[in-house]
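Throughout, protein chains are lettered first and strands after them, A, B, ... in sequence-line order, and every chain is numbered starting at 1. Side chains are part of it too, since the values below use all heavy atoms of this structure and drop only hydrogens, waters and symmetry mates.
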Amino acid sequence: MKAYIETTLNRALDTLGVPPDAREGVVVEHSRGTGHGDFATNAALVLARSEKRNPRELAAQIVRALPASDDIEKAGVAGPGFVNFFLSPGAWQSELGRILDAGDEYGRQKSDANLRILVEFVSANPTGPLHVGHGRGAAYGDSLARILEAAGCGVHTEYYVNDAGRQADILAVSVWVALLELAGERPRLPEAAYPGEYIKQTAGKLREAFGETVVHPWKDIAAALPSDAPEGDKEAHVNALIEEAKTRLGKDYESLRRDALAMQVEGIQATLKRFNVHFDRWFSESSLVADGAIEHALTRLSDRGHTYEEEGALWLETSALGDAKDRVLRRGDGTTTYFASDVAYHLDKLERGHDIALDVWGADHHGYVARVRAAVEALTGRGEAFEAQLIQFVTLTSGRMGKRSGNFVTLDSLLDEAGTDATRFFYLARSHDQHLEFDVKLAQQRSNDNPVYYLQYAHARIASLWRQLKEKGLDWNRSSARRQLSRLGTNHELTLIKHIARFPETISAAAADRAPHQLAHYLGEVAQAFHANYNSETILVEDDAVRSARLALASATQGVIASGLALLGISAPERM
RNA sequence: GCGCCCGUAGCUCAGCCGGAUAGAGCAGCGGCCUUCUAAGCCGCAGGCCGCAGGUUCGAGUCCUGCCGGGCGCGCCA
């Protein structure tokens, strides 16, 4: 519909002899407020400057030059020189016809470009359960991926499993200490180790597999360790414990480490499945080491002249490419850094044919963006192929209980309280680059105060109409309803059509802006327009033609809400 | 100290590439169920868009400074 107005406007500008390159900045947009029609253009305001003309006069000329059209009821000049377009009911009725024809596919776009995007999100260290902060990234990344796909992109999603570094060793010794405790030893948990119930649970499950083979007297182990914090250095202490575990357990250490990690990954997978979050691939960091991808990336960086050696370490010259300082790739002791793995991973992403590597990170990683972009630039010469979306922090509130940091509450416990649908909606209704205050009490309310039910309720109400229709022994079909659309004409009906007509452009905008919250807000408006219409006019009336037309509108509305909720990963219930 | 994000109604937040009287939900007040689900609808009230300059025909939106809040600045991952 907007495109139609644009072509109409351009024809008028052609008639007036405005050269195409003078139309820079001219836009057609949806009018704000009710008095300004359906669409508006700033053409006269933009052209007035270059043409040195009175904008209102120019606007009047544009209006006169508009080709005649049944779809445009009237066009007029308003304010400083806007041209407002008022569309006829007939134009909206035929728009609804096109929406019905599109069926379930309505809103989905086929793009010729077929941009390939790899969305990597969550990627939390597999050293414990996901917390509420991860949950926001999970909802965002999953929903963004669905939206990008609907907008015509080729989308692939990945979770990067950090299973190669020191964190994994710390997890392993944390579990080892818990195993010793189960065997009757009285070990002291290092300051730097992971505390928490889940460590004990992991140990409990692994106890049988490892039995007594990993049990050593704690006093012997402790004797070999430097003192822990607060007297000593906690990092040195835990490092020594890791070494102790490696020598004492031998090849059992690797198994313990691997199994402990696998159990954390399984736990994370279970939580995400419950949260309706899907990944196409779980990408293991250690596989980069195994298949030589890190060496491949480092060689490439050296070949391209971006590295140098200093103090025995290999550095990447990221500061020349926008980063604050250079970064170490290979330490003096020969081991590669986490950054080196990440560089190799991003090279791999692009070498697999993705046009954009889109990473969803917590906002606390923002300092990392410049160095990864610099690395991608150094590797491929196209740093812009790397894109990071930063998710701001979550704080939890519940009534007067005060605020809790979201990083201390597990996602599972939040889902226990509020459920997947409400939780996803609360995460997604806010812009991701805004701090989020999550009202747990509100999210778990099954009442009219809870905004997610507002959308679902609209869907359920429509579903109920179809059941009623069947009970009355009536039926409805699209092709005959299509001929009755001229029966729609009340303000509420036209307003609802205008809202559902914006679904495709809403998807495009949400995809382009990486902003699922725009879709959440849009669906609220659709539901609002539906509820208002539902209250003002009875849909299941006696008159066959009118009923058929009104059900056509209800059908299209239901389709938009169901598709929209699906893009947010939220269910669309048949009854409530 | 340097860097990134953010200050909009009592609260939580929208505000699309600068556009016309700044919007929504909750909280508050007042109406609407013998008719398709009242988890709904209709109405009222509520705002120096943090402060001060600047750019522009036009600024909540762009630029600069200041105030206030969050986060980050490892040969950790």
Mind checking [X] for me? I need base, sugar-phosphate or nothing, with any heavy atom below 4.0 Å counting as a touch.
X        : answer
A/Arg550 : nothing
A/Arg330 : nothing
A/Gly332 : base
A/Phe339 : nothing
A/Ala363 : sugar-phosphate
A/Arg430 : base
A/Ala458 : nothing
A/Ser431 : sugar-phosphate

Taking only the [atom1] atom of each, what is the distance from [N] to [M] in whole angstrom?
N     : M     : atom1 : answer
B/A59 : B/G54 : P     : 12 Å
B/C26 : B/G40 : P     : 8 Å
B/C62 : B/C17 : C1'   : 12 Å
B/C16 : B/C63 : P     : 14 Å
B/A52 : B/C13 : P     : 25 Å
B/C75 : B/C71 : C1'   : 24 Å
B/C2  : B/G10 : C1'   : 38 Å
B/G7  : B/U12 : P     : 13 Å

Among [options], which nucleotide has an atom closest to any side-chain atom of [X]?
X        : options             : result
A/Asn535 : B/A77, B/A14, B/C41 : B/C41
A/Arg461 : B/C42, B/C71, B/G40 : B/G40
A/Tyr453 : B/A77, B/A39, B/C71 : B/A39

Look at the rings of A/Phe393 and A/His435 and say which category their plane angle falls in: under 30° parallel, 30 to 60° tilted, over 60° perpendicular.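 Ring orientation of A/Phe393 relative to A/His435: tilted.
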
Parallel, tilted or perpendicular for A/Tyr427 and A/Phe438, by the 30°/60° rule?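 Correct class here is perpendicular.
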
Considering only NZ, NE, NH1 and NH2 on the basic side and carboxylate oxygens on the acidic side, decide whether A/Glu235 and A/Arg166 come within less than 4.0 Å. yes

Is any NZ, NE, NH1 or NH2 atom of the basic residue among A/Asp342 and A/Arg327 found under 4.0 Å from an Asp or Glu carboxylate oxygen of the other?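 So A/Asp342 does not pair with A/Arg327 through a salt bridge.
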
With the criterion being N/O to N/O and under 3.5 Å, what pairs connect the protein with nucleotides 16-20 of chain B, and how long is each?
| from | atom 1 | to | atom 2 | distance (Å) |
| --- | --- | --- | --- | --- |
| B/A20 | OP2 | A/Arg32 | NH1 | 2.8 |
| B/A20 | N6 | A/Asn84 | OD1 | 3.0 |
| B/A20 | N1 | A/Asn84 | OD1 | 3.1 |
| B/A20 | N1 | A/Asn84 | ND2 | 3.2 |

Provide the Watson-Crick or G-U wobble partner of B/U61, both distances under 3.5 Å; none if there is no partner. none

N/O (side chain, A/Lys325) to phosphate O (OP1/OP2, B/C75) under 4.0 Å: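 The answer is yes; a side-chain N or O of A/Lys325 sits under 4.0 Å from OP1 or OP2.
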
d(NE2, A/His499; P, B/A24) in whole Å: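 In whole Å, B/A24 P and A/His499 NE2 are 12 Å from each other.
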
Taking side-chain hydrogen bond (donor to acceptor under 3.5 Å, both in side chains) as the criterion, tell me which of A/Lys2, A/His30, A/Gln109 meets it with A/Glu505.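 Passing option: A/His30.
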
Name the residue closer to the 5' end of RNA chain B, choosing between A/Gln468 and A/Asn162 according to the nucleotide with the nearest heavy atom.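 Result of the comparison: A/Gln468.
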
So which protein N/O to nucleotides 2-4 of chain B N/O distances come out below 3.5 Å?
| from | atom 1 | to | atom 2 | distance (Å) |
| --- | --- | --- | --- | --- |
| B/G3 | N2 | A/His366 | NE2 | 2.6 |

Stacking between A/Tyr534 and B/C36, defined as ring centres under 5.5 angstrom apart with planes under 30°, is that present or not?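 Aromatic stack with B/C36 present for A/Tyr534.
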
Using the rule salt bridge (Lys or Arg N to Asp or Glu O under 4.0 Å), only one of A/Glu310, A/Glu309, A/Glu295, A/Glu311 pairs with A/Arg330; which is it?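 Of the listed options, the one satisfying the test is A/Glu295.
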
